[in-house]
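So the structure is just underneath, and the comments pick up after that.
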Protein chains: 2
Amino acid sequence: MTKEQEFTHKSLPCQQCPLRKREVFRDFEGDELEFVGRFKKGDLAVKKGATVLVEGAHNPHLYTVLSGWGFRYKLLEDGRRQIVNYVMPGDLVGLQGSLMGEMKHSVEALSQMSLCVFEKAELFSLYKKFPELAYDITWIASREECMLDDHLLTVGRRTALEKVAYLLVFILDRARQSGLSRNGTLALTQQHVADTLGISLVHTNKTIARLASRNHLKWEDGGCKILNQEALAELAGWTPGSGVKRPFL
Amino acid sequence: MTKEQEFTHKSLPCQQCPLRKREVFRDFEGDELEFVGRFKKGDLAVKKGATVLVEGAHNPHLYTVLSGWGFRYKLLEDGRRQIVNYVMPGDLVGLQGSLMGEMKHSVEALSQMSLCVFEKAELFSLYKKFPELAYDITWIASREECMLDDHLLTVGRRTALEKVAYLLVFILDRARQSGLSRNGTLALTQQHVADTLGISLVHTNKTIARLASRNHLKWEDGGCKILNQEALAELAGWTPGSGVKRPFL
DNA sequence: CGGGGCTTTGATGTTCATCAATGTCTGTGG
DNA sequence: CCACAGACATTGATGAACATCAAAGCCCCG
């Protein structure tokens, strides 16, 4: 069996971080950059399908996604799974566990991923020395809250057709922003869609088929190709975000 | 028509804040207390049923609930409503709007409420001067995220019976912690329950009737009386929180 | 006494879950 | 090269869960 996670001692310095070049992200000041550089302890490479973090664990680390993507989820005792959100480049992973001690959800990789590793014990010194960064972290937590509010609205009150449309547009938009998908293709299974939206796999499949018959999308070899994003957005009542640059660590 | 909101210039100084006495909350240090006292600009009294904050607004304030309770919700264009969480004494309200500019949800009072009013323009100076308090705010945001993750699991993957059981135990536990309900009674309508759980009012009613027939609860004059919290918790797969003291502002 | 908010109930139909089977593709070992 | 298993997608049949519609009851308040 091959290793599913591999830690390396800071192979990529923050000065060369590819995220800093991306339009959506707020770039760093000199001394902030230098501090984050020291705050970062290394890189973690994770294989597709591997578990990054597990519910109930007391992990001494905190991460920023550098490349690839995954999802956060929770389980009921009998195995029912709810995907709670997706994590993409620039997203902070494990903050909740850092603050509250124990992870309340798990994270699994949907593709090969790499993550920056931070020491959660040093988080408070960041708060003391760089209030701007502390503010950024709260901003990031707040953005997560917004997304969760939206998901609740979707899962609770939208129809299956609206749900699928919403989810795919939501993911595609985020993926584009963080530089993941440039051809409108998303590599996830219908089971992931079902577990995000709170509907069964079979019903998900039939709902996707309805959207495909309208030529809004096409499902092909383990992924989804969005053909008409506007139509899906219209169906879902989805509106694009503000376009303001956002912080990251 | 009577006024639904009334602002008074700091009628209650933080030194006498009733929340500081409660077991669940972490108490303040001297200079922190003094700073928060200056950060607080006044008190807001809100009538039952009134809107505290409205989606889309740019509110210059940030609040902490002092007494009473309410709920956060979002609407779809056609009027479908999703209640996203409840707010109770000690909870921070409006943080998301403070950080991201525009409120992404509304808040309505379920009872007479009073709130501490803070100036969001001064939030960053709090981050600069009191990193401990900044850390606390992030902690609070993170706790909200946890609750939302749980709600998603409930709305997405639990059955109607489990949903109702979960919600009522969840609310009762929080209410007890923040000193709202001491006799196991919750003053909310079945419409609120329905809009929280993503099910219809009629089905909610019939599900509540099932729980009532098992003597787990009783619905009486516009409220719910929980008779057997353990049975509901068991049904819902609910487990009590850690019991660690939590911060507030 | 009438009206409005909330709850309750029954009837009916749709959405969705569940079950079961089949198809396709991919990788693996003989 | 073929046989095989495993992951994922697809399809049809059936029933349960849930939504919707409609009406009636209760209670408080003006």
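Nothing here was measured: the structure is a model prediction, and the numbers come from that model. Just so it is clear: chains get the letters A, B, ... in the order the sequence lines come, proteins before strands, and each one is counted from 1.
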Under 3.5 Å: donor-acceptor pair, side chain of Thr64(B), backbone of Leu92(B)
no
Give the nucleotide from the list dA9(D), dA17(C), dA19(D) with an atom nearest to the side chain of Ile199(A).
dA17(C)
Check this one for me: any side-chain N or O of Gln190(A) less than 4.0 Å away from OP1 or OP2 of dA7(D)?
no
Glu220(A) CD to dT10(D) P, straight-line distance once rounded to whole Å
11 Å
Gln191(B) CD - dT20(D) C1' separation (whole Å):
13 Å
Run the ring pair (Phe, Tyr, Trp, His ring centres under 6.0 Å) test against Phe248(A) and tell me which residues pass, sequence neighbours left out.
Phe25(A), Phe28(A)
Could I get the full list of side-chain hydrogen bond (donor to acceptor under 3.5 Å, both in side chains) partners for Ser98(A), not counting sequence neighbours?
none
Is there a side-chain contact between Met88(B) and Leu110(B), using heavy atoms and a 4.5 Å cut-off?
no
Atom NE2 of His192(B) to atom P of dG5(C): distance rounded to whole Å?
13 Å
Within the structure provided, determine whether Trp69(B) and Tyr86(B) are in side-chain contact (heavy-atom separation under 4.5 Å).
yes
Which residues in residues 202-211 of chain A have at least one heavy atom lying under 4.0 Å from any atom of DNA chain C?
Val202(A), His203(A)
Between protein and nucleotides 22-27 of chain C, what N or O pairs are separated by less than 3.5 Å?
none

Please, which pairs that meet salt bridge (charged side-chain N to carboxylate O under 4.0 Å, His left out) have at least one residue in residues 53-66 of chain B, sequence neighbours excluded?
none
Atom pairs and distances, donor-acceptor, side-chain atoms in residues 144-163 of chain B, under 3.5 Å, two or more places apart:
from, atom 1, to, atom 2, distance (Å)
Glu144(B), OE1, Asn85(B), ND2, 3.4
Glu144(B), OE2, Arg72(B), NE, 3.4
Glu144(B), OE2, Arg72(B), NH2, 2.8
Glu144(B), OE2, Asn85(B), ND2, 3.0
Asp149(B), OD1, Arg72(A), NH2, 3.2
Asp149(B), OD2, Arg72(A), NH1, 2.9
Asp150(B), OD1, Lys74(A), NZ, 3.3
His151(B), ND1, Val84(B), O, 3.1
Thr154(B), OG1, Asp150(B), O, 3.1
Thr154(B), OG1, Arg158(B), NE, 3.2
Arg157(B), NE, Arg81(A), O, 2.9
Arg157(B), NH2, Ala194(A), O, 3.1
Arg157(B), NH2, Asp195(A), OD1, 2.7
Arg157(B), NH2, Ile199(A), O, 3.2
Arg158(B), NH1, Ala236(B), O, 2.5
Thr159(B), OG1, Glu162(B), N, 3.3
Thr159(B), OG1, Glu162(B), OE1, 3.4
Glu162(B), OE1, Arg80(A), NH1, 3.0
Glu162(B), OE1, Arg80(A), NH2, 3.4
Glu162(B), OE1, Thr159(B), N, 2.9
Glu162(B), OE2, Arg80(A), NH2, 3.0
Lys163(B), NZ, Val155(B), O, 3.1
Lys163(B), NZ, Leu197(B), O, 3.4

Sequence neighbours left out, what pairs pass salt bridge (charged side-chain N to carboxylate O under 4.0 Å, His left out) with at least one residue falling in residues 224-236 of chain B?
none
May I have the distance from Leu197(B) (atom CG) to dC18(D) (atom C1'), rounded to whole angstrom?
13 Å
Grab the two heavy atoms, one from Met113(A) and one from Ala109(A), that are nearest each other, plus how far apart they are.
SD-CB, 3.6 Å
Counting only non-hydrogen atoms, which of residues 75-87 of chain B are less than 4.0 Å from DNA chain D?
none
With sequence neighbours excluded, tell me which residues meet side-chain hydrogen bond (donor to acceptor under 3.5 Å, both in side chains) with Gln177(B).
Asp173(B), Arg246(B)
Rounded to whole Å, how long is the line connecting atom NZ of Lys225(A) with atom P of dA9(D)?
17 Å
Please collect all ring pair (Phe, Tyr, Trp, His ring centres under 6.0 Å) contacts where either partner lies in residues 198-234 of chain A, sequence neighbours excluded, each pair once.
none
Check the surroundings of atom CD in Glu23(B): do more than 12 heavy atoms from other residues, nucleotides or ligands lie under 6.0 Å from it?
no
Nearest-angstrom distance from the residue atom CZ of Arg158(A) to P of dC18(D):
21 Å
Candidate nucleotides dT7(C), dC8(D), dT18(C), ranked by approach to the side chain of Thr189(B) - the nearest
dT7(C)
Whole angstrom is fine here: how far is it from CG in Leu161(A) over to P in dT14(C)?
17 Å
Does Gly198(B) reach a base, just sugar-phosphate, or nothing at all? Heavy atoms under 4.0 Å.
sugar-phosphate
Measure the distance from CG on Leu110(A) to C1' on dA7(D) and round it to the nearest whole Å.
15 Å
Quick one: list whatever passes ring pair (Phe, Tyr, Trp, His ring centres under 6.0 Å) with His192(A), sequence neighbours left out.
Phe71(A)
When the aromatic ring centroids of Trp238(A) and Phe170(A) are compared, is their separation below 6.0 Å?
no
Starting at the 5' end of nucleotides 24-30 of chain D, put B wherever the base has a protein heavy atom under 4.0 Å, S where only the sugar-phosphate does, and a dash everywhere else.
-------
